[in-house]
Amino acid sequence: MGVGQVLVEIQPEELNFIFELKKQSSCPVQLVNKSTDYVAYKVKTTSPKRYCVRPNTGIILPRSTCDFTVTMQAPKEAPPDMQLKDKFLVQSTVVPYGTTDEDIVPSFFSKENGRYIQENKLRVVLVSLPHSPVVEPITGVRQEPALENPDSAETCIFDNGALQHEAADEVPILRKTSVLHNGAPKHEAIHENPLLQKACISSNQVSNEVPDIISSPVAKDIDDLKFKLNNLEVKLNEAEKTIMSLRKENNATMQEGEKLQQEIALLRRKSSARVKAGFPFLFVVFIAFVGMKLGYLWHS
């Protein structure tokens, strides 16, 4: 594998976490194997106590994908300027064909033996929850939000120390405003105001443009199910390969056993043929010895 060649593509290229006090946040990451080899990956972080990565190591099959999830522990306080200097390092390297998750060893990610290791750095980005904007009037007094039911809008007026309620003739853009009248607070409905209308329209546009980045529990469950399904598929493929190799070994063993049985049967046939062809060697020696003895006695 040449230096600089892309083994794995990572999506997304940065880790986005929704920041909420005392609540965990997760970010799924997908690895795409662009090669035709088995690739092992390993995830490291500069803050291991703040994050949990599962799984932090694994095998990516050729031309396939693999997912892992990074979970940020529930923060107790907000960081300065909502920024973190935490970083993640994803290492990936080519491993022998058929390597499983259990076969991963630290030496796979060592550069001492000249092994090519691709390294990708991911930074952490905190995303705050979107809030509805509050319109501030020109006088600097904070405007109260509009009532949900415009028909029930009322105007409260202090007149000579007495509180009176009058029904609003028109539906105001802002329901109430605080105005000083003879030293007493006065609440009047503000009707059509072009400046406030533009401010409200621009605020609504901003709130509509804020993306819905709140991940629902259903989406997290779907990501977990996809991750489990990918692991099951990998394990099934490995089991099928193991079964095939065991079957081949069994067939080879059976063939060797049959050859041995044939050789044993052939040896038995040869030995039985030798026995049937003549007398045993010891019997011939005994007869020769007896003949020599009798000849010696006869001549003497």
Do [X] and [Y] belong together in a cluster built from hydrophobic side chains that touch within less than 4.5 Å?
X      : Y      : answer
Val124 : Val90  : yes
Val29  : Val32  : no
Ile10  : Phe17  : yes
Met292 : Val284 : no
Tyr97  : Ile104 : yes

Gln73 and Gln24: side-chain donor and acceptor closer than 3.5 Å?
yes

Atom [atom1] in [X], atom [atom2] in [Y]: separation rounded to 0.5 Å?
X      : Y      : atom1 : atom2 : value
Ser64  : Asn230 : OG    : CG    : 8.5 Å
Gln255 : Lys259 : CD    : NZ    : 6.5 Å
Thr242 : Arg247 : OG1   : CZ    : 12.0 Å
Ile18  : Cys27  : CD1   : SG    : 9.5 Å
Ile243 : Lys248 : CD1   : NZ    : 13.0 Å
Thr45  : Leu15  : OG1   : CG    : 8.5 Å

Look only at the side chain of [X] and the backbone of [Y], and say whether a donor-acceptor pair between them is shorter than 3.5 Å.
X      : Y      : value
Ser35  : Leu7   : no
Asn250 : Leu246 : no
Asn33  : Leu61  : yes
Asp101 : Ile59  : yes
Glu9   : Lys34  : no

Can you see which heavy atom on [X] is nearest to which on [Y], and at what distance?
X      : Y      : result
Val95  : Ala40  : CG1-CB, 3.6 Å
Pro55  : Phe227 : CD-CZ, 2.8 Å
Val105 : Phe109 : O-CD1, 4.1 Å
Ala78  : Leu21  : N-CD2, 3.9 Å

Crowded around [X] [atom1]? As in, over 12 foreign heavy atoms under 6.0 Å?
X      : atom1 : value
Arg115 : CZ    : yes
Glu13  : CD    : no
Lys23  : NZ    : no

Quick one: do Gln262 and Leu266 satisfy side chain to side chain contact (heavy atoms under 4.5 Å, CB included)? Show the steps, please.
CA-CA 6 Å; Gln262 292 176 0; Leu266 183 60; over 6 Å; no

With side-chain hydrogen bond (donor to acceptor under 3.5 Å, both in side chains) as the test, would you mind laying out the steps for Thr100 and Asp103 before giving the verdict?
CA-CA 5 Å; Thr100 62; Asp103 299 332; 2.9 Å; yes

Any chance you could lay out the side chain to side chain contact (heavy atoms under 4.5 Å, CB included) test for Leu89 and Gln91, step after step, and finish with the verdict?
CA-CA 6 Å; Leu89 178 66; Gln91 295 179 316; 4.1 Å; yes

Going by heavy atoms in the side chains, are Leu122 and Glu14 under 4.5 Å from each other?
no

Close side-chain approach of Ile117 and Glu119, heavy atoms under 4.5 Å
yes

Can you tell which of Thr46, Asp86, Thr71 makes a side chain to side chain donor-acceptor pair (under 3.5 Å) with Tyr51?
Asp86

Passes side chain to side chain contact (heavy atoms under 4.5 Å, CB included), Lys226 versus Ile222? Steps please.
CA-CA 6 Å; Lys226 288 181 178 179; Ile222 292 174; 3.8 Å; yes

Check the pair Gln83 / Leu126 against side chain to side chain contact (heavy atoms under 4.5 Å, CB included), numbers first and verdict last.
CA-CA 7 Å; Gln83 293 183 357; Leu126 296 181; over 6 Å; no

Could you label the plane-to-plane angle of the Tyr41 and Phe68 rings as parallel, tilted or perpendicular, counting under 30° as parallel and over 60° as perpendicular?
parallel

